Every structure is written in C-alpha cells, then in structure tokens.
Amino acid sequence: MKASKIAYKPVGLVLGAVSGMLAGAVFKQAWKMLGHEEDAPDATDEERAWTEVLVAAALQGAIFAGVKAAVDRAGATVTRRLTGTWPG
C-alpha cells in the first residue's frame, strides 16, 4: 500500500464522520420541509404508514450517499492539490 493511501486514512475517517453529521442535518431539514413534521418516522413507529416509513428511509439513504460522495470527492481533490497524488 502506498504511503499516500496510508496517510489519507485518518483524513478519510474524519471526513466520514463530518459527512455523517452533515447528512443528518440535511435530512432533518428536508424532512421538515417535505413532511411538515419535526422527526422522521422510525421503522418501528406503529402509528406511521408503511409508505411514510419507506419514503423517509429512501430519502435519508439518498441524502447520506450524496453528501458522503461530495465530501469524499472534495477531500480527495484537496489532497491531490496539496500532495500532487490522488489518495484513492
């Protein structure tokens, strides 16, 4: 394994944590706008319909994946600018 990949591992872990927090905040705001409620339904929420639970889960997954990809890509781009090598 290249030294640049090893050196990038801690950066990738930090970026992963940041992207998770950012995605959670984005999802919460999106759900408020779309669902007109404070909290998204949990899978075990008895009072919520299947459709609502599944739509919330799909939206959360899409937002998480999009934010994670954007943050990972930005981190790799910055790493290339600073070191001259792509971390992946």
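Nothing fancy with the numbering, it's 1 onward along the sequence. The shown structure was predicted, so the numbers you read here are calculated from the model rather than taken from an experiment.
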Is any side-chain heavy atom of [X] less than 4.5 Å from a side-chain heavy atom of [Y]?
X     : Y     : answer
Tyr8  : Leu15 : yes
Trp86 : Thr77 : yes
Trp31 : Pro41 : yes

Could you report the tightest heavy-atom contact between Val67 and Ser19, atom names first, then the distance?
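Shortest heavy-atom contact: CG1-O, 3.6 Å.
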I need the minimum non-hydrogen distance between Ala30 and Leu59, along with the two atoms involved.
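Taking Ala30 first and Leu59 second, the nearest heavy atoms are CB-CD2, 4.5 Å.
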Same cluster (ILVMFWY, side-chain, under 4.5 Å), [X] and [Y]:
X     : Y     : value
Val53 : Leu34 : no
Val71 : Val26 : yes
Val11 : Leu22 : yes

Distance check, rounded to the nearest 0.5 Å: Asp39 atom CG versus Arg48 atom CZ?
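If we round to the nearest 0.5 Å, Asp39:CG and Arg48:CZ are 7.5 Å apart.
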With rounding to the nearest 0.5 Å, note down the distance linking NZ in Lys28 to CD1 in Ile63.
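Between Lys28 NZ and Ile63 CD1, I get 13.5 Å after rounding to 0.5 Å.
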Please determine whether a side-chain nitrogen of the Lys or Arg among Glu37 and Lys32 lies less than 4.0 Å from a carboxylate oxygen of the Asp or Glu.
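No, no charged N to carboxylate O under 4.0 Å.
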